[in-house]
Amino acid sequence: MCDELNWDVEGWRSSPAAALEAHFHHVAEAQMTALPFYQPHMPIKACGFQLFEGQWVGAMLTPWMLELMVLPGPDQQWPRRQVGTRLALTFPAGDMAFRVGELTPELHYVACSLMSPLDPHLNAEQAITLAENSVSLALSLPVRRDAPVNMSRRALLRGKVA
């Protein structure tokens, strides 16, 4: 038996990065700072948010985790799903498992954990670079090493490279 979905998660007209950072600062102060894996030298930073197929995709770096996140884009409505529900999404880099999350009714998202807790050997600069590169990798075209390739000039000029 399926639960009926409510279509009431409105898309973001511009990047949700600032709102995510503000809310994760609040989460950090209210719930996370006393935990043993909290790394106070790490920033709270929304990295690389961009529109991809009409959705906002980016990485969220906090002192306790790194996640790839997807939020609805401009002129979109998402169904409000139960927090914790799992979804599989296909990116150019491959299939990835996401979970539904919500910081506020306006900040309803899906996230894929990339590192939790964070590696204690990472410094802040490395972590930001990792977050930005994670978004780029997720949205990069896949490379197939098993595809036959005809590299002759004649084939290339005729459009018969593969």
Side-chain angles (χ1 to χ4, degrees), residues 5-143 145:
L5 297 175
N6 296 320
W7 293 89
D8 59 356
V9 179
E10 295 293 326
W12 289 80
R13 295 208 178 280
S14 59
S15 174
L20 287 167
E21 288 177 1
H23 283 284
F24 274 101
H25 273 286
H26 177 70
V27 169
E29 293 168 6
Q31 302 171 15
M32 305 303 287
T33 56
L35 297 175
F37 50 83
Y38 185 87
Q39 297 183 45
H41 66 281
M42 283 294 168
I44 293 175
K45 184 161 177 58
C47 299
F49 273 84
Q50 59 192 282
L51 285 172
F52 176 75
E53 294 187 0
Q55 318 293 319
W56 289 105
V57 178
M60 191 69 219
L61 174 65
T62 70
W64 63 93
M65 59 88 178
L66 172 62
E67 292 183 326
L68 187 65
M69 298 181 83
V70 181
L71 289 91
D75 303 319
Q76 291 191 336
Q77 279 192 326
W78 278 9
R80 186 169 304 280
R81 292 183 168 89
Q82 183 174 348
V83 172
T85 301
R86 291 180 181 214
L87 298 172
L89 299 178
T90 300
F91 281 83
D95 295 341
M96 301 176 81
F98 285 76
R99 286 189 185 264
V100 174
E102 185 173 271
L103 294 169
T104 68
E106 297 79 34
L107 281 172
H108 191 81
Y109 59 89
V110 295
C112 174
S113 178
L114 300 176
M115 188 181 296
S116 181
L118 289 178
D119 183 329
H121 298 97
L122 282 177
N123 65 37
E125 184 179 328
Q126 291 169 327
I128 291 169
T129 299
L130 177 61
E132 291 169 349
N133 288 345
S134 296
V135 176
S136 294
L137 282 171
L139 301 180
S140 295
L141 292 175
V143 175
R145 301 203 188 283

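Atom set for the values below is all heavy atoms of this structure, side chains included, hydrogens, waters and symmetry mates excluded.
A 4.5 Å side-chain heavy-atom check between L107 and L71 finds at least one atom pair inside the cut-off. Side-chain atoms of C112 and F98, non-hydrogen and from C-beta on, do get closer than 4.5 Å to each other. Inter-residue side-chain proximity for W12 and L51 is flagged as unmet; no heavy-atom pair is nearer than 4.5 Å. Here the side chains of F49 and M69 are in contact, with some heavy-atom distance below 4.5 Å. Residues L122 and M115 have side chains in contact (heavy-atom distance under 4.5 Å, counting atoms from C-beta outward). The shortest side-chain heavy-atom distance between Y109 and V9 does not fall under the 4.5 Å cut-off. By the 4.5 Å heavy-atom criterion applied to side chains, E10 and E106 are not counted as neighbours. Side-chain atoms of V100 and E102, non-hydrogen and from C-beta on, never get closer than 4.5 Å to each other.
A donor-acceptor contact shorter than 3.5 Å is absent between the side chain of R13 and the backbone of P74. Within the 3.5 Å criterion, the main-chain N or O of A46 finds a donor-acceptor partner in the side chain of E21. In this structure, R81 contributes its side chain and V110 its backbone to no donor-acceptor pair below 3.5 Å.
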The test is side-chain hydrogen bond (donor to acceptor under 3.5 Å, both in side chains); show your working for W56 and Q76 and say whether it passes.
CA-CA 11 Å; W56 289 105; Q76 291 191 336; over 6 Å; no

Evaluate the criterion side chain to side chain contact (heavy atoms under 4.5 Å, CB included) for residue pair M32 and F24; output intermediate values, then yes/no.
CA-CA 10 Å; M32 305 303 287; F24 274 101; over 6 Å; no

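Atom NE2 of H25 has more than 12 heavy atoms from other residues, nucleotides or ligands within 6.0 Å.
For the residue pair D95 and T90, the shortest heavy atom distance occurs at OD1-OG1, 2.7 Å. Of all heavy-atom pairs between M96 and L68, the closest is CE-CD2, 3.6 Å. Contact detail for P92 and L139: the closest heavy-atom pair is CG-O, 3.7 Å. The two atoms that bring I128 and P43 nearest to each other are CD1-CG, 3.9 Å, heavy atoms only. In terms of heavy atoms, C47 sits closest to V135 at O-CG2, 3.7 Å.
Summarising the geometry, atom NE2 belonging to H23 is positioned 4.5 Å from atom OG1 belonging to T104; distances are rounded to the nearest 0.5 Å. Note that the CD atom of E125 and the CG atom of L130 stand 12.5 Å from one another [nearest 0.5 Å]. Taking CG of L20 as the start and OG of S15 as the end, the distance is 7.5 Å to the nearest 0.5 Å. Distance OH/Y38 to OG1/T33: 6.0 Å, rounded to 0.5 Å. Taken to the nearest 0.5 Å, the CD atom of E67 stands 12.0 Å off from the OG atom of S134. The CE atom of M42 sits 6.5 Å away from atom CG of N123, with the distance rounded to the nearest 0.5 Å.
Ring geometry, F91 versus F52: the interplanar angle falls under 30°, so the pair is classed parallel (tilted spans 30 to 60°). Note on ring orientation: taking the six-membered ring where Trp is involved, the planes of W78 and H108 are perpendicular (angle over 60°, cut-offs 30° and 60°).
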